[in-house]
Amino acid sequence: MAKLSIIDKFHHWRRKRRWNKQYKKGKWDYLNNEREAVRYNKIVEYIKTYGTSKPVILDLGAGEAVLNERLNADDYTFFYNVDYSSASIEKAEEKGIANTKNLVADIHTYDPEETFDIIVFNEAFYYVHDHLKHEVLDRFTDKLSPKGVLITSIYKEGQNCWDIIDASPKLQQLNFETVNTDRESTYWKVGVYKRA
Ligand SMILES: C[S@@+](CC[C@H](N)C(=O)[O-])C[C@H]1O[C@@H](n2cnc3c(N)ncnc32)[C@H](O)[C@@H]1O
């Protein structure tokens, strides 16, 4: 995170601490509710439509592994849940999901050696620091296997997110949809991309 100023690093540390407190208090339990389900369902649909069969999946900013739970164990070969909140990863670990690894790591610096068939930013890309969004997107695009796809879900309009993703010379859009709910103000945009 060399590109962040000391002040940005401080805010980053404080935000991580806040996530941990919120997960411990159960503030994010609502992600399991029915209104949120439509977003996970769309991602699952994209995984099944555009992914290879039995993919290896990396979920960045995976929280408590809710997406992982929405898949059946035989839908994938291996599922990696990565989040910098140790409290969320502890909750993911307690679920004991088969063929899954839960890892505490920061998207800003996480640089796995392996490649993945599906990489997901599910309500996580907008938390990447603005100065680092291009670099992070490029780093993970390079981690896609030859037939790999990147799936992104972003709440509402996602300022400073879609313009970066859509302008990436390394990515080509395969689909993009708005997922609506029974509440007009609650919607997500979900896109799926392959390497250009
Ligand atoms: C709104 S929650 C979404 C959780 C999960 N993707 C879901 O939809 O169920 C955003 C998650 O991003 C994680 N996050 C934010 N910044 C991160 C970073 N720099 N590295 C790793 N995880 C991060 C937070 O800890 C949180 O779990």
Side-chain angles (χ1 to χ4, degrees), residues 1-5 8-47 57-71 76 79-95 97 100-112 116 118-140 143 150-161 164-165 179 181 186-192:
M1 271 189 285
K3 288 188 184 160
L4 293 187
S5 67
D8 285 340
K9 281 183 186 167
F10 171 69
H11 286 307
H12 185 69
W13 167 81
R14 218 170 49 165
R15 233 174 278 140
K16 181 163 76 169
R17 215 171 61 144
R18 195 164 56 218
W19 280 112
N20 276 326
K21 277 191 186 163
Q22 291 179 347
Y23 275 112
K24 280 183 191 152
K25 281 189 182 160
K27 180 176 184 262
W28 295 93
D29 289 354
Y30 78 90
L31 294 180
N32 293 289
N33 78 21
E34 278 315 297
R35 184 174 290 122
E36 297 285 323
V38 292
R39 156 165 71 90
Y40 297 97
N41 292 346
K42 178 56 69 184
I43 297 171
V44 168
E45 180 194 317
Y46 279 178
I47 289 173
I57 302 174
L58 171 65
D59 188 359
L60 294 162
E64 315 175 9
V66 180
L67 177 64
N68 192 170
E69 281 185 297
R70 299 249 168 206
L71 287 161
Y76 56 86
F79 200 112
Y80 293 86
N81 291 301
V82 172
D83 202 292
Y84 75 165
S85 157
S86 53
S88 77
I89 290 299
E90 271 166 33
K91 289 192 170 201
E93 194 67 22
E94 281 164 14
K95 293 178 178 171
I97 308 171
T100 288
K101 185 167 182 185
N102 302 301
L103 191 67
V104 178
D106 191 324
I107 298 170
H108 289 130
T109 48
Y110 176 54
D111 193 6
F116 305 89
I118 311 268
I119 298 181
V120 181
F121 282 106
N122 181 12
E123 302 308 303
F125 191 65
Y126 42 68
Y127 296 113
V128 175
H129 199 283
D130 276 346
H131 294 155
L132 299 175
K133 279 193 169 78
H134 281 104
E135 182 191 318
V136 165
L137 186 64
D138 280 358
R139 179 171 3 109
F140 287 106
K143 306 288 177 196
L150 177 88
I151 300 173
T152 308
S153 168
I154 294 173
Y155 183 57
K156 293 190 174 178
E157 298 307 315
Q159 228 187 353
N160 291 332
C161 290
I164 290 175
I165 296 168
V179 178
T181 63
T186 301
Y187 63 92
W188 298 271
K189 296 190 176 188
V190 186
V192 56

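Both ligands and their constituent atoms are indexed starting at 1 by order of listing. Because the structure is predicted, anything quoted here is derived from the model rather than measured.
- Ligand 1 lies nowhere less than 4.0 angstrom from a heavy atom belonging to S153.
- Looking at atom 19 (N) of ligand 1, its nearest protein heavy atom turns out to be D106 OD1, 2.9 Å.
- Comparing F121, Y84, Y127 by heavy-atom distance to atom 21 (C) of ligand 1, the nearest is Y84.
- Residues K143 and Y110 have side chains not in contact (no heavy-atom distance under 4.5 Å, counting atoms from C-beta outward).
- Annotation for ligand 1: atoms under 4.0 Å from non-hydrogen atoms of Y23 are 2 (S), 4 (C), 26 (C), 27 (O).
- Nearest heavy atoms, G63 versus S88: O-OG, 3.4 Å.
- Under a 4.0 angstrom heavy-atom cut-off, L67 registers as lying outside contact with ligand 1.
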Donor-acceptor pairs under 3.5 Å, side chain of residues 21-32 to any protein atom, not counting sequence neighbours: which ones?
from : atom 1 : to  : atom 2 : distance (Å)
Q22  : OE1    : W28 : NE1    : 3.0
N32  : ND2    : D29 : O      : 3.1

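- Between I107 and ligand 1, an N or O atom pair is found at a separation short of 3.5 Å.
- Across I119, T152, V120, a single residue satisfies side-chain contact (heavy atoms from CB on, under 4.5 Å) together with L60, and that is I119.
- A side chain to side chain donor-acceptor pair (under 3.5 Å) with N68 holds for exactly one of N102, N81, D59; it is N81.
- Below 4.0 Å from some heavy atom of A105 lie the following atoms of ligand 1, by number and element: 20 (N), 21 (C).
- Scanning the protein heavy atoms around atom 25 (O) of ligand 1, the nearest turns out to be D83 OD1, 2.6 Å.
- Looking at atom 5 (C) of ligand 1, its nearest protein heavy atom turns out to be G61 O, 3.3 Å.
- Every atom of ligand 1 with a heavy atom of N122 under 4.0 Å away is listed here by number and element: 3 (C), 5 (C), 6 (N), 7 (C), 8 (O).
- Taking distance alone, with nitrogen or oxygen atoms compared against 3.5 Å, W28 stays at or beyond that limit from ligand 1.
- Residue R39 places a heavy atom under 4.0 Å from ligand 1.
- Proximity of H129 to H12: side-chain heavy atoms (C-beta onward) are nowhere separated by under 4.5 Å.
- In this structure, R139 contributes its side chain and I107 its backbone to a donor-acceptor pair below 3.5 Å.
- Here the side chains of E90 and E64 are not in contact, with every heavy-atom distance at 4.5 Å or above.
- Between L31 and ligand 1, not a single N/O pair is under 3.5 Å apart.
- Counting only residues at least two apart or in different chains, salt bridge (charged side-chain N to carboxylate O under 4.0 Å, His left out) contacts with residues 118-131 comprise D130-K133.
- Any N or O atom pair closer than 3.5 Å counts here, and Y40 shares at least one such pair with ligand 1.
- The shortest distance between side-chain heavy atoms of D83 and W19 does not fall below 4.5 Å.
- Contact record, Y40 with E36: CD1-O, 3.3 Å, taken as the closest heavy-atom pair.
- Residue S85 has no N or O atom closer than 3.5 Å to an N or O atom of ligand 1.
- Every atom of ligand 1 is numbered from 1 in the order shown, and the set under 4.0 Å from a heavy atom of H108 is 19 (N).
- Nearest residue to atom 10 (C) of ligand 1 from E123, R18, R15, H12 is E123 (criterion: closest heavy atom).
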